[in-house]
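Structure first, then comments.
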Amino acid sequence: MLNGKKVFLIISGGISAYKSLDLIRRLREQGADVRCCLTENAQQFVTPLSVSALSQNPVFRDQFELSNEAGINHIELSRTSDILVVAPATADVMAKMAAGIADQLATTLLLATDKPVLIAPAMNVRMWQHAATQANLATLTARGISTVGPNEGPMACNEFGPGRMAEVAEIVAAIDAALSPARPLAGRRALVTSGPTVEPIDPVRFIANRSSGKQGHAIAAALAALGAEVTLVSGPSVQPDPAGVTVRHVETAREMLAACKAALPADVAVCAAAVADWGVKTPAAQKIKKVAGGAPPAIELCANPDILAELSAASPARPRLVVGFAAETENLTAHAREKLARKGCDWIVANDVSPETGTFGGDANQVHLITADACDSWPALDKREVAARLAIRIAEVLS
Ligand code: C5P
């Protein structure tokens, strides 16, 4: 039940805006106080009169009409509700949210708010699948914005696929969940490593690898969403820092190890980083010059510390649960089991990173969770879903 909860509903301009009228009705049935804001485009699909009649509240539309009202401005308006819900959320409004554009009242409220935000995307299947929309979604998710839907099915534009706005009952349930999130990891500390490490050869060249940091960053965000106090130690990555997570940016494996040790004690450590096995023994102080006709320089490598093994070693500071990753291209589970024993960690998340899987840099991951006595194979999932499942499994052990 949403008794007494203040829901601020932003309706943007999509054909499924008609379902938002039913959403208002359902939210009021559950005891919520509903205030609504229509984007300029939304007013082509639903009228302020019906929205106002159903919500029993005045409807907000114009950024500037507010400045005439004493004591109320858009900052205040964005913060006096318990949650902001964007339903439907069009590709356009998602892009504006991701870019921080405040070109009208609805987008200004979304930029100014400090309250939880839930979006219910709805758009044509190609718009949903477009790389731009998916990148915007990833940015919004990394910032802690929750999403419900879209669902798959026949669409108003006669195409079929994901893009239909979630059903009203699903949106109500998502609002309920967002307002009373389960926080089984409250009071627990988590350490997560993510991304590649880069090992300098000289001031301009380095050895690195293809890790994007998507999986590690998603795990940090998922643990934080369950209430953990998370430190994310990340090598160079284009992933945005997840909301509500302390992020330590490092470059080399040695820096990563030092940052991990500084983040202890922790209840759980998840080592998702692709740490370089070797660093350059003595990086050149100046750029190595190419000499005409000269031999290529010999680069002497040295072994890097194994962060996972060090965190797993018996010590008073050892986290209660240490989780490693095994990126393999063949004999996946056999290699992963061997790694579990060799590194001394408690679990291994094994994934196939053969080029044809698209795991490196891609959004999907198909993993096996290997523990001392079991191997749990998960279907191919979005990396955020893998992270959410892993966080739940961790919470089952720690809470
Ligand atoms: O030995 P391998 O690199 O395959 O092991 C992968 C696991 O070990 C990952 O969890 C990775 O984060 C961790 N690792 C580490 N430090 C290293 C090498 C790997 O923490 N130097």
Side-chain angles (χ1 to χ4, degrees), residues 190-200 206-220 222-223 230-237 239 247-264 266 268-281 301-313 315 317-319 321-354 357 359-361 365 367-372 375 383 386-387 390-391 393-394:
L191 164 65
V192 180
T193 71
S194 182
T197 64
V198 302
E199 307 293 333
F206 56 77
I207 300 172
N209 60 64
R210 293 185 192 278
S211 170
S212 64
K214 274 186 188 164
Q215 187 64 80
H217 278 56
I219 291 167
L223 291 168
V230 183
T231 301
L232 171 66
V233 181
S234 176
S237 161
Q239 301 304 309
V247 185
R248 305 276 177 242
H249 295 279
V250 298
E251 297 225 320
T252 66
R254 280 169 208 284
E255 288 169 8
M256 186 171 272
L257 176 64
C260 286
K261 285 185 171 167
L264 296 176
V268 57
V270 182
C271 294
V275 184
D277 290 318
W278 303 284
V280 176
K281 191 167 180 195
L301 301 178
C302 63
N304 270 336
D306 191 314
I307 300 166
L308 176 60
E310 290 213 23
L311 292 174
S312 301
S315 97
R318 186 194 193 278
L321 184 65
V322 183
V323 184
F325 270 69
E328 303 288 349
T329 54
E330 55 176 358
N331 298 333
L332 189 55
T333 49
H335 282 157
R337 284 215 165 278
E338 179 275 324
K339 202 163 287 184
L340 186 78
R342 179 163 46 85
K343 305 244 185 182
C345 56
D346 304 297
W347 298 350
I348 285 274
V349 180
N351 54 354
D352 187 345
V353 292
S354 308
T357 64
T359 303
F360 264 133
N365 206 357
V367 308
H368 310 267
L369 180 62
I370 295 172
T371 61
C375 172
K383 286 179 179 172
V386 171
L390 185 63
R393 291 291 292 264
I394 290 169

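Both counts, for ligands and for their atoms, begin at 1 and track the order of listing. We're numbering straight along the sequence, starting at 1.
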Can a donor-acceptor pair be found, under 3.5 Å and without considering hydrogens, that links the side chain of [X] to the backbone of [Y]?
| X | Y | answer |
| --- | --- | --- |
| Ser194 | His217 | yes |
| Glu328 | Val353 | no |
| Asn209 | Ala274 | yes |

Contact check, side chains of Leu191 and Val268, non-hydrogen atoms, under 4.5 Å: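 Sidechains of Val268 and Leu191: no contact.
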
Residues Arg342 and Asp306 bridged, charged N to O under 4.0 Å: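 Salt bridge: no.
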
Write out each pair where an N or O from ligand 1 and one from the protein are under 3.5 Å apart, with the distance.
from, atom 1, to, atom 2, distance (Å)
ligand 1, 1 (O), Lys343, NZ, 2.9
ligand 1, 4 (O), Lys339, NZ, 2.3
ligand 1, 5 (O), Lys343, NZ, 3.0
ligand 1, 8 (O), Lys343, NZ, 3.1
ligand 1, 10 (O), Cys271, O, 2.6
ligand 1, 10 (O), Phe325, N, 2.7
ligand 1, 10 (O), Phe325, O, 3.3
ligand 1, 12 (O), Cys271, O, 3.2
ligand 1, 12 (O), Ala273, O, 2.6
ligand 1, 16 (N), Ile307, N, 3.0
ligand 1, 20 (O), Ile307, N, 3.4
ligand 1, 20 (O), Leu308, N, 2.8
ligand 1, 21 (N), Pro305, O, 2.8

Table please: side-chain donor-acceptor pairs of residues 256-263 below 3.5 Å, with sequence neighbours left out.
from, atom 1, to, atom 2, distance (Å)
Lys261, NZ, Glu310, OE1, 3.3

